[in-house]
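Following: one structure in structure tokens, then a few remarks.
If you read the sequence from its start, that first residue is 1, and numbering goes on from there.
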Amino acid sequence: MEGVLTGFSIIGVAILIGFLLGRAGVLGGHGHLALNRMSFYAATPALLLSHASGERTAVRSIAAGVVTNPIIIAAALGLAVAASDLTVPDPLMAPIDLVADAAIPVVLIAFGVSLVGFGKSGDRADTAQVAIASAMKLIVMPLAAYLAATLIFGLEGVPLFAAVLCATLPTGQMVFSYAARYGVAVPLARDTVAVATVACIPMVLLVTLLLRDLR
């Protein structure tokens, strides 16, 4: 339980820092977009490399987007290095690790900055869509994880608890990062992440209480 609360406090503080920076105008009017692009093109790819007719035009565009996506490229490179058992020299890996360490904090701070205009008219997502998306993540997904873990994979004890707990975690801030990068459904992504992050706290505590005997 202490670990869960610690995790939420870390996330909360990073988002709060971003919110305060946004309110103070330190990063300008589009600061969260700059931070998201930095995370999308540099920090997150580095993190993944630490771990491992009209229709025709559309298909070509999608294919080009896939092969030029820095996150996909980094993941592929990471898998290639892992599969080949190569050791990346420290002088090359050290700067990658440095940039990778910024991935999660930058995304959280960018999300906090975006919350400055939260709830304002004209910058608000459809309430029903946010509610459905949040319920799918916090209720349907944990139930599906429990059923799959017990009925299909036969999990019990700590593995079962871990599977359900992970499924109960909120919508990741990277969803907002991708939405901001491509300019698609940004208010919906932002509001869903915000609602799911807050609402998941009691849900995680509930899952912990219900499955405490399995741990």
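Remark: Ala167 pairs with Met141, Ala145 by the side-chain contact (heavy atoms from CB on, under 4.5 Å) rule, at least two apart or across chains. Applying the side-chain contact (heavy atoms from CB on, under 4.5 Å) criterion to Val175, with sequence neighbours excluded, gives Thr171, Ala189. For Arg181, the side chain to side chain donor-acceptor pair (under 3.5 Å) partners are Tyr41, not counting sequence neighbours. Residues satisfying the side-chain contact (heavy atoms from CB on, under 4.5 Å) criterion with Asp126, sequence neighbours excluded, are Ala128, Gln129. Every residue two or more places apart in sequence or in another chain that forms a side-chain contact (heavy atoms from CB on, under 4.5 Å) with Val88 is listed here: Val81, Leu92, Met93. Take Ser177 and apply the side chain to side chain donor-acceptor pair (under 3.5 Å) test, not counting sequence neighbours, and it matches Asn36.
For residues 85-108, there are no ring-ring contact (aromatic ring centres under 6.0 Å, His included) pairs, not counting sequence neighbours. Counting only residues at least two apart or in different chains, ring-ring contact (aromatic ring centres under 6.0 Å, His included) contacts with residues 73-112 comprise Phe111-Phe176. Residue pairs that meet the ring-ring contact (aromatic ring centres under 6.0 Å, His included) test with at least one member in residues 68-105, sequence neighbours left out, do not exist here.
Looking at heavy atoms from C-beta onward, Tyr146 lies in side-chain contact with Leu160 at the 4.5 angstrom threshold. At a threshold of 4.5 Å between non-hydrogen side-chain atoms, the residues Leu155 and Thr150 do not count as touching. Within the 4.5 Å cutoff, the side chain of Ile109 has no heavy atoms near those of the Ile15 side chain.
Chaining together hydrophobic side chains whose heavy atoms lie under 4.5 Å apart places Leu143 alongside Leu138, Ile139, Met203. Through side-chain heavy atoms spaced under 4.5 Å, either directly or across other Ile, Leu, Val, Met, Phe, Trp or Tyr residues, Ile132 is tied to Met136, Val140.
Val193 and Val198 fall into different hydrophobic clusters, defined by Ile, Leu, Val, Met, Phe, Trp and Tyr side-chain heavy atoms under 4.5 Å apart, directly or through other members. By the rule that hydrophobic residues join a cluster once side-chain heavy atoms approach within less than 4.5 Å of another member, Leu98 and Leu35 end up as members of separate clusters.
Note that CG of Leu211 is 8.5 Å distant from OG1 of Thr168, once rounded to the nearest 0.5 Å. Leu169 CG to Thr197 OG1: the interatomic distance, rounded to the nearest 0.5 Å, is 10.0 Å.
With Asp191 contributing its side chain and Ala125 its backbone, the two residues share a donor-acceptor pair below 3.5 Å. Side-chain atoms of Lys137 do not come within 3.5 Å of backbone N or O of Thr192 as any donor-acceptor pair.
Nearest heavy-atom pair across Ala196 and Ser134 is N-OG, 4.2 Å. For the residue pair Pro170 and Cys200, the shortest heavy atom distance occurs at CD-SG, 3.3 Å.
The one candidate from Leu20, Leu21, Val113 that meets the side-chain contact (heavy atoms from CB on, under 4.5 Å) condition with Val26 is Leu21.
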